[in-house]
Each structure stands twice: as structure tokens, then as C-alpha cells.
Protein chains: 2
Amino acid sequence: MKIGELAKRGGLTAHTLRFYEKKQLLVPQKSALNQYRDYTADDLATAQFIKRCKASGFSLEDTAALLQIKDAKDAHTCAEAKSITLAKRADLQAKITELQQMVATLDELAERCCGGAESAEFCSIIADLESRFEECNHDAHH
Amino acid sequence: MKIGELAKRGGLTAHTLRFYEKKQLLVPQKSALNQYRDYTADDLATAQFIKRCKASGFSLEDTAALLQIKDAKDAHTCAEAKSITLAKRADLQAKITELQQMVATLDELAERCCGGAESAEFCSIIADLESRFEECNHDAHH
DNA sequence: CTTGACCTTAGAGTATACTCTAGGGTTTAT
DNA sequence: ATAAACCCTAGAGTATACTCTAAGGTCAAG
């Protein structure tokens, strides 16, 4: 099938497919006749594999590694696949923890602020951002 | 003080300070003598304000808005500051939820895989990535 | 007076994952 | 036969937040 059909069936764009090809994730045959890309049913499956990887939080680089395993299963091990999966899990969990700390900080900021139409002269959010860490720095001197 | 001293005192690099200047976040005076940037104690406070914004999860664009409030408090309201804060909180919370769903998916993938030195021929991670959503698509046809 | 440390600018490079454009060729349907 | 719809390539643009480079000017110490 041509790129437009794969795009439609796979739920992505022709641009994205060409991008994945440039990244060596999904390299189709080319028609000898007109140099149009010629995708197979397997290529569609690969496109869906890539989408699932993305939905699972894998980067394109991770995805490339997973594709290599998929495309040469007996040259790879479960350990490799699980290692990639657990490493990504750890990455995401660290990111979550970082974001949760930010949310906690934002909650503190928001809770103390009236949020009204008053001038920001005495706004606690601005005041906190101006001074909170100064205090920390003072502490750090002791 | 010159850029190097502010960088050291503020815990960032001279490159970053010039970048913030280009973004209009922190624009110091320039010495008439040699065109060197000349930062004041207030500029240092502003640099720290920016760092705290960053640590709280604000983008540089948010930070620019918060700086405008800080630098002209009586021209702005608590409502503005709180709105920025709550919007960012919502952004981050949405991101956290997305990442948590990915972690849950990765946990499912990892749990079912032996992770051993066996060939990936029957690796459940690869198999799941190959087929999971196909099943979903089948469901979607009904 | 020279050497090293510091400063300047403009602009390019990094990372991730696309997204789009320009300029041109091909296919399909009427 | 012609117009719409599709395909091609190469490369630039988007977003965020830096990070670094090149080529040169300035400053402080010995």
C-alpha cells in the first residue's frame, strides 16, 4: 500500500511515516516504477507497534531498540526487553515524583493567596516567590 | 556586579543569564565604559525569583508573567497570580496522570516477562507490544 | 608588558518528536 | 485531456530551555 493508505490505517500522518523512516524505525520497500514507498501488512503492524511503544512512554530511541528485538527475536533475550521496560519505568517514576513536588509547591502557593481582585501588592504568591528560598539560603549559612 | 559574579552568587551560568536577558526576563544596566553588564542586588533577587519559579514548575513564559506582576504589583491582582499558579498546577497534574498511566502499562508489561536470558521468541513484552492494541481495535469494530 | 581570566556579540548546536514547505512528478477519475 | 488528489526529496520550522562556539575586546596581577 502507499504511504497515504498506511497513514490512514495506522492513524498517523504521511509526514510522520517519512520521519520514522529517516529514523530507521520503519523502512518500506520502494516501487521500482515510480519510487513510491510500498508498505506491506507487516509494515502496518510495525507502525502499530511503534504507536503502542509511544503510548507506553517509550522514546523513539527505546522504540528502535524494541523493534530490533521484535525483528530478530532469537538474537535477543527477555532480559533486554525487561531492562528497557524497567529503566523507562524508573525514568517516568522519577519524573512523576519531581512533578508531584512541584504540584505540592504550587498548592502551597495557591492556598495562601486570596486570588481576589486586590492589587498584588500583598500577594502571597509573589511574596513567596520573592523570599521563600532566601530563607533557605539563610539557613544554608549556618 | 559583573555577569560572572551574579552567576556565581545566583547559582547559574553567565550563558544562562545572557539567555534570560534575550528573553527579557532579566535585563541589567550596561556600563557606559566598556559595555559590560552591570547587575544590582535587585537583579540578583530577580535571578533567584526566576530560579524559584523554575523549581515550582513554571515555564519561562509563566515566569515572565509573574515577573511583570512582581515588578508592578499595583498594576496587577492576586487573581492573576493565582490563575497562573492554578493553571500550571492543572497542567502538571494532567501530565502526572498521563505518566502514571504509562507506568501502569509498563508495570503490566514487566510483570508478565521472565526477564531471563532466554531468547525473546516468547517474550511477553514484545508480544504485548505486537498485539495488545490490535485486540482493542478488534473490539472497536463491534 | 604579557598572560590568564574575564567580558562582548551573533549565531549555531543540543535534545525530542514531529510538522510543514517548496518545487516538482504521478495517478486517478471524469 | 485535464484537474484533483496523491506522491517524491531536501531541508526548514516548531516548541522549550538552555549550552556552546568563534572571534575579539578588557582587566588585573606580577
Side-chain angles (χ1 to χ4, degrees), chain A residues 1-39 43 47 49-67 84 87-88 91-92 94-95 98-99 102, chain B residues 1-39 43 47 49-67 84 87-88 91-92 94-95 98-99 102:
Chain A
M1 70 193 95
K2 289 187 287 184
I3 197 168
E5 188 179 347
L6 190 84
K8 190 173 296 178
R9 294 224 262 161
L12 22 64
T13 72
H15 282 306
T16 300
L17 287 168
R18 291 190 199 99
F19 173 73
Y20 287 164
E21 182 177 341
K22 193 157 60 183
K23 293 283 175 176
Q24 306 282 317
L25 295 182
L26 177 49
V27 181
Q29 294 294 311
K30 291 247 192 157
S31 154
L33 186 63
N34 55 16
Q35 291 298 298
Y36 282 14
R37 290 169 179 81
D38 187 11
Y39 293 91
D43 289 330
F49 185 98
I50 294 169
K51 283 191 77 180
R52 281 163 226 148
C53 287
K54 181 186 166 114
S56 306
F58 291 113
S59 66
L60 290 188
E61 191 182 345
D62 298 326
T63 299
L66 291 167
L67 279 170
I84 294 169
K88 181 55 53 176
D91 279 1
L92 296 187
K95 186 73 184 165
E98 186 190 348
L99 293 178
M102 288 173 174
Chain B
M1 71 194 94
K2 288 186 288 185
I3 197 169
E5 189 180 346
L6 191 84
K8 191 173 296 178
R9 293 224 261 160
L12 21 64
T13 72
H15 281 308
T16 300
L17 286 169
R18 290 192 199 97
F19 174 72
Y20 286 164
E21 181 178 341
K22 193 157 61 183
K23 292 284 177 175
Q24 306 282 317
L25 294 183
L26 177 49
V27 182
Q29 293 296 307
K30 291 248 193 156
S31 154
L33 187 63
N34 54 16
Q35 291 297 299
Y36 282 16
R37 290 170 179 81
D38 187 12
Y39 294 91
D43 289 330
F49 185 97
I50 294 169
K51 281 191 79 180
R52 281 163 225 146
C53 288
K54 182 187 164 111
S56 306
F58 291 113
S59 67
L60 291 190
E61 190 181 347
D62 297 326
T63 298
L66 291 167
L67 279 171
I84 293 169
K88 181 55 54 175
D91 278 0
L92 296 188
K95 186 70 184 168
E98 186 189 347
L99 293 179
M102 288 173 175

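The chains referred to below are lettered A, B, ... by the order of the sequence lines, with proteins before strands, and numbering in each begins at 1.
- Per the geometry, CD belonging to Glu21(A) stands 7 Å off P belonging to dT9(D), to the nearest Å.
- Annotation: of the two residues near DNA chain D, Tyr36(B) and His15(A), the 5′-most nearest-nucleotide partner is His15(A).
- In this structure, Leu33(A) and Phe19(A) both approach DNA chain C, and ranking their closest nucleotides by distance from the 5' end singles out Phe19(A).
- For Lys30(A) and dT9(D), the shortest distance from a side-chain N or O to OP1 or OP2 is below 4.0 Å.
- Nucleotide dC18(C) holds its P atom 9 Å from the CG atom of Leu12(A), rounded to whole Å.
- What separates OH of Tyr20(A) from C1' of dC18(C) is a distance of 8 Å, to the nearest Å.
- Here Lys30(A) contributes atom NZ and Tyr39(A) contributes atom OH; the two are 8.5 Å apart, rounded to the nearest 0.5 Å.
- No donor-acceptor pair closer than 3.5 Å links the side chain of Lys2(A) to the backbone N or O of Tyr36(A).
- By the neighbour-count criterion of 12 heavy atoms within 6.0 Å, atom CD of Glu21(B) is densely surrounded, having more than that number from other residues, nucleotides or ligands.
- At a threshold of 4.0 angstrom between heavy atoms, the contacts of Arg18(A) include nucleobase atoms, whether or not backbone atoms are also involved.
- One atom, CE of Met1(B), and another, P of dC6(C), lie 16 Å apart when rounded to the nearest Å.
- The OG1 atom of Thr16(B) sits 11.5 Å away from atom CG of Leu6(B), with the distance rounded to the nearest 0.5 Å.
- One interatomic measurement links the two molecules: CG of Leu6(A) to P of dC7(D), which rounds to 11 Å at whole-angstrom precision.
- In this structure, the nucleotide among dT19(C), dT19(D), dT8(C) sitting nearest to the side chain of Thr16(B) is dT19(D).
- Annotation: of the two residues near DNA chain C, Glu5(B) and Leu60(A), the 5′-most nearest-nucleotide partner is Glu5(B).
- Nucleic acid contact for Ser59(B): sugar-phosphate only, since backbone atoms but no base atoms lie under 4.0 Å from a heavy atom of the residue.
- Atom CD of Glu98(B) and atom CG of Leu92(A) lie 9.5 Å apart (nearest 0.5 Å).
- The phosphate of dC27(D) (OP1 or OP2) has a side-chain N or O of Asn34(B) nearer than 4.0 angstrom.
- The phosphate of dA17(C) has neither OP1 nor OP2 within less than 4.0 Å of any side-chain N or O from Lys22(A).
- Heavy atoms of Lys2(B) sit under 4.0 angstrom from primed sugar atoms or phosphate atoms, though from no base atom.
- Between Ile50(A) atom CD1 and dA17(C) atom C1' there is a gap of 13 Å when expressed in whole angstrom units.
- Nearest nucleotide to the Arg37(B) side chain, out of dA17(D), dT9(C), dG11(D): dT9(C).
- Within 4.0 Å (heavy atoms only), Lys23(A) reaches no atom of the nucleic acid at all.
- Atoms CZ (Phe58(A)) and P (dA17(C)) sit 13 Å apart, rounded to a whole Å.
- Spacing between atom NZ of Lys54(B) and atom C1' of dC18(D) amounts to 8 Å, rounded to whole angstrom units.
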